[in-house]
Asks: 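Quick one: the structure is below, and I'll ask about it shortly.
Values below: every heavy atom of this structure, side chains too, minus hydrogens, waters and symmetry copies.
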Amino acid sequence: MTVLKNDRYIRAALRQPVDCTPVWMMRQAGRYLPEYRALRAEAGNFMALATNPELACEVTLQPLRRFDLDAAILFSDILTIPDAMGLGLHFVAGEGPAFHNPVRTAQDVNNLFVPDPHDKLKYVVDAVSTIRKALNGDVPLIGFSGSPWTLATYMVEGGATKNFSLIKSMLYAEPHLLHSLLDTLAESVIVYLNAQIEAGAQAVMIFDTWGGVLTPRDYKEFSLRYMEKIVAGVKREHEGEKIPVTLFTKNGGAWLDIMADTGCDALGVDWTTDLKDARAKVSNRVALQGNMDPSVLYSSPDRIRSEVKTILDSYGLGAGHIFNLGHGIHQTVDPEHAKAFVDAVHELSRPLHIPAG
């Protein structure tokens, strides 16, 4: 068991005292870094990076060399599970991910299976163990997966979508079929995340990117229900250490209270919800992660510091806040602005915490 030299992220996720608010960025390993762009060009494409454990490790470590971040996050993609199911993931220039074999019929759903993470997803498991060893206890490693609903949207639509017509047609016309798909995905996510934990992930996060496109009723039935199943199924302790679980539904601020009911440890919050309101909504039952608008990073370092202070003040005194962006960092952001953001969080948050003892 590796003793963490910096355990702020884990402590904050478990609502324990810290000396300052921990910070990391969604998509912190990515296209805004010139060293990432150089490595991707050398590798040839995104999947060549993501499926090579050594290259995935290098990409994961790149932002940690530049910034004083409090966590690393596995470099991978949320669509690895559908790809392992045989759907044929590929990336279309200017359009994003797409599948050669979308899921549209009952037969398509019946043909799906729970992938063995030590077979078709072995590259992810190997990347986790490689990264964990390379980190040498400097900061914790976060593993992740897409939520069943979000994975299903890509699988049924065949790729990115603006109106979700195919997945919503299935939801309303064939709800039992969609439930069957979501159940298989939930089982797959549980097995996948547990394999990441066994390989060395010290926390896990479930990204529900498209939960916010649902009605409140449908969100509970077709998204939250399956995330709750995952929370109940993932390992919450490994090698004597607690494994925090974070749920993040983009545009899900109205549902934070029922999300907290799942038994998760932390909730991601996007920039459309004030952290003071979010904290009141969950009654301090869970930690909160967020929630600066990523576009603030286009402004000056002084303006970035001002926004950081506003968000810190909104959350207020005490533990249970992990600072992050409300969604992923944009690819055209100046890395120096990201550094100003990270440094401001540590500096300005210290007065809000009782020193950890």
Asks: Apply side chain to side chain donor-acceptor pair (under 3.5 Å) to the pair D218 and Y172, showing each step before the final yes or no.
Replies: CA-CA 10 Å; D218 293 333; Y172 292 119; 2.6 Å; yes

Asks: Could you list all the side-chain hydrogen bond (donor to acceptor under 3.5 Å, both in side chains) pairs where at least one residue sits in residues 142-151, not counting sequence neighbours?
Replies: S147-T150, S147-D208, T150-D208

Asks: Considering residues at least two apart in sequence or located in another chain, which fulfil the side chain to side chain donor-acceptor pair (under 3.5 Å) criterion with S314?
Replies: D274

Asks: What closest approach, in Å, do T273 and A278 show between heavy atoms, and which atom pair accounts for it?
Replies: CG2-CB, 4.0 Å

Asks: Among side-chain atoms of S300 and D302, is any donor-acceptor pair under 3.5 angstrom?
Replies: no

Asks: Looking at I304 and V296, what are the two nearest heavy atoms and their distance?
Replies: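 I304 and V296 have their closest heavy atoms at CG1-O, 3.5 Å.
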
Asks: Would you give the length of the straight line joining atom CG of D183 to atom CG of L178, rounded to the nearest 0.5 angstrom?
Replies: 11.0 Å

Asks: If the condition is side chain to side chain contact (heavy atoms under 4.5 Å, CB included), which residues does A232 pass it with, not counting sequence neighbours?
Replies: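 Not a single residue meets the side chain to side chain contact (heavy atoms under 4.5 Å, CB included) criterion with A232.
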
Asks: Calculate, to the nearest 0.5 Å, the distance between atoms NZ and CD1 belonging to K133 and I131 respectively.
Replies: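 Going from the NZ atom of K133 to the CD1 atom of I131 covers 13.5 Å.
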
Asks: Would one find more than 12 heavy atoms of other residues, nucleotides or ligands at under 6.0 Å from atom CZ of R31?
Replies: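 Result for CZ/R31: open.
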
Asks: Let me check something: do I190 and V125 share a hydrophobic cluster, defined by ILVMFWY side-chain heavy atoms less than 4.5 Å apart, either directly or through other members?
Replies: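 I190 and V125: separate clusters.
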
Asks: Mind checking whether Y315 and H321 have parallel, tilted or perpendicular rings, split at 30° and 60°?
Replies: parallel

Asks: Are Y154 and F99 an aromatic pair, judged by ring center distance below 6.0 Å?
Replies: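 When the ring centroids of F99 and Y154 are compared, they turn out to be at least 6.0 Å apart.
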
Asks: Could you note down all residue pairs passing ring-ring contact (aromatic ring centres under 6.0 Å, His included) where residues 248-282 supplies at least one of them, sequence neighbours left out?
Replies: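 Output for this query lists Y219-W255.
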
Asks: Can you hop from I322 to I243 via hydrophobic side chains spaced under 4.5 Å?
Replies: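 Yes, one cluster joins them.
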
Asks: Write out all pairs satisfying ring-ring contact (aromatic ring centres under 6.0 Å, His included) with one or both partners inside residues 25-84, taking only residues at least two apart or from two chains.
Replies: Y36-F75, F46-F75, F46-F91

Asks: Is the backbone of V345 close enough, under 3.5 Å, to the side chain of S349 for a donor and an acceptor to pair up by distance?
Replies: yes

Asks: Tell me the closest heavy-atom pair linking H330 and P294, and the distance in Å.
Replies: NE2-CB, 3.6 Å

Asks: Please name all residues satisfying side chain to side chain donor-acceptor pair (under 3.5 Å) with E307, sequence neighbours left out, ordered by chain then number.
Replies: R303

Asks: Examine distances only and state if a side-chain atom of Q202 and a backbone atom of I10 form a donor-acceptor pair shorter than 3.5 Å.
Replies: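 Not a single qualifying donor-acceptor pair exists.
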
Asks: Would you list the pairs meeting salt bridge (Lys or Arg N to Asp or Glu O under 4.0 Å) in which at least one residue belongs to residues 136-147, sequence neighbours left out?
Replies: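 Listed once each, the pairs are K5-D138.
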
Asks: Residues sharing V114's hydrophobic cluster, by side-chain heavy-atom contacts under 4.5 Å among ILVMFWY, directly or via others?
Replies: V191

Asks: Could you give me the CA-CA distance, side-chain angles and deciding distance for K120 and D116, then say whether salt bridge (Lys or Arg N to Asp or Glu O under 4.0 Å) is met?
Replies: CA-CA 7 Å; K120 294 186 181 298; D116 179 351; over 6 Å; no

Asks: What pair of heavy atoms forms the shortest contact from T209 to K250, and how long is it?
Replies: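 Residues T209 and K250, closest heavy atoms: O-CB, 3.4 Å.
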
Asks: Is the backbone N or O of V156 less than 3.5 Å from a side-chain atom of R104, with the two atoms forming a donor-acceptor pair by type?
Replies: yes

Asks: Quick one: CG on D265 to OG1 on T262, what's the gap to the nearest 0.5 Å?
Replies: 9.0 Å

Asks: Output side-chain donor-acceptor pairs under 3.5 Å for residues 22-29, partner residues at least two apart or in another chain, one line each.
Replies:
unit_1 : atom_1 : unit_2 : atom_2 : d
W24    : NE1    : Q289   : OE1    : 3.1
Q28    : OE1    : M25    : N      : 2.9
Q28    : NE2    : A71    : O      : 3.0

Asks: Can F323 and L312 be said to form a side-chain contact (heavy atoms from CB on, under 4.5 Å), step by step?
Replies: CA-CA 8 Å; F323 213 116; L312 288 169; 3.7 Å; yes

Asks: Could you tell me the separation between the CG atom of N324 and the CG atom of D270, rounded to the nearest 0.5 Å?
Replies: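 The CG atom of N324 sits 11.5 Å away from the CG atom of D270.
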
Asks: Which pairs pass side-chain hydrogen bond (donor to acceptor under 3.5 Å, both in side chains) with one or both residues in residues 45-60, sequence neighbours excluded?
Replies: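 Non-adjacent pairs meeting side-chain hydrogen bond (donor to acceptor under 3.5 Å, both in side chains): E58-R65.
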
Asks: F144 and side chain to side chain contact (heavy atoms under 4.5 Å, CB included): which partner among T246, V204, I73, V189?
Replies: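 By the side chain to side chain contact (heavy atoms under 4.5 Å, CB included) criterion, F144 pairs with just one of T246, V204, I73, V189: I73.
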
Asks: For the side chain to side chain donor-acceptor pair (under 3.5 Å) test, which of R8, R11, H346 pairs with D19?
Replies: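 Output: one option passes, namely R8.
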
Asks: Working to the nearest 0.5 angstrom, can you tell me the gap between M155 CE and L166 CG?
Replies: 13.5 Å

Asks: Please check: side-chain N/O of N101 versus main-chain N/O of G86, any donor-acceptor pairing under 3.5 Å?
Replies: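 At least one qualifying donor-acceptor pair exists.
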
Asks: Return the minimal non-hydrogen interatomic distance between P115 and M85, and the atom names on each side.
Replies: CG-CG, 3.8 Å

Asks: Passes side-chain contact (heavy atoms from CB on, under 4.5 Å), V139 versus L4? Steps please.
Replies: CA-CA 6 Å; V139 294; L4 279 170; 5.6 Å; no

Asks: Is K309 salt-bridged to D313, cutoff N-O under 4.0 Å?
Replies: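 Judged by the 4.0 Å cut-off on N to carboxylate O distance, K309 and D313 do form a salt bridge.
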
Asks: Between the side chains of Q107 and N111, is a donor N or O closer than 3.5 angstrom to an acceptor N or O?
Replies: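 Side-chain D/A pair, Q107 to N111: present.
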
Asks: Could you list all the side-chain hydrogen bond (donor to acceptor under 3.5 Å, both in side chains) pairs where at least one residue sits in residues 77-92, not counting sequence neighbours?
Replies: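 Every side-chain hydrogen bond (donor to acceptor under 3.5 Å, both in side chains) pair that includes a residue of residues 77-92, provided the two are not neighbours, is T80-Y192, H90-H100.
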
Asks: Evaluate the side-chain contact (heavy atoms from CB on, under 4.5 Å) criterion for residues V234 and I230: first the C-alpha distance (whole Å), next the side-chain angles of each, then the deciding distance (0.1 Å), finally the verdict.
Replies: CA-CA 6 Å; V234 296; I230 294 166; 3.8 Å; yes

Asks: Got a sec, which residues hit side chain to side chain contact (heavy atoms under 4.5 Å, CB included) with A287, two or more places apart in sequence or on another chain?
Replies: R15, A266

Asks: Do any N or O atoms from the side chain of T310 and from the backbone of S306 form a donor-acceptor pair under 3.5 angstrom?
Replies: yes

Asks: Are H179 and E221 close enough that a side-chain donor and a side-chain acceptor fall under 3.5 Å?
Replies: yes

Asks: L288 vs V282, test: side-chain contact (heavy atoms from CB on, under 4.5 Å). Steps then yes/no.
Replies: CA-CA 9 Å; L288 296 175; V282 301; 4.3 Å; yes

Asks: Kindly work out whether a path of hydrophobic side-chain contacts (I/L/V/M/F/W/Y, heavy atoms less than 4.5 Å apart) joins L64 to V3.
Replies: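 No, because L64 and V3 fall into different hydrophobic clusters, even though each may have its own neighbours under 4.5 Å.
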
Asks: Is there a path of hydrophobic side-chain contacts, each under 4.5 Å between heavy atoms of I, L, V, M, F, W or Y residues, that connects V231 with L182?
Replies: yes

Asks: Around K229, counting heavy atoms of other residues, nucleotides and ligands shown, do more than 12 lie under 6.0 Å from its NZ?
Replies: yes

Asks: Under a 4.0 Å N-O cut-off, is there an ion pair linking K281 with D277?
Replies: no

Asks: List the atom of L74, the atom of L141, and the distance in Å for their closest heavy-atom pair.
Replies: N-CD1, 3.7 Å

Asks: With the 4.5 Å side-chain cut-off for hydrophobic clustering, are L214 and F164 part of the same group?
Replies: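 Yes, it is one cluster - the side chains of L214 and F164 are joined through contacts under 4.5 Å.
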
Asks: As an exercise, state the distance from CG of L121 to OG of S188, rounded to the nearest 0.5 Å.
Replies: 9.0 Å

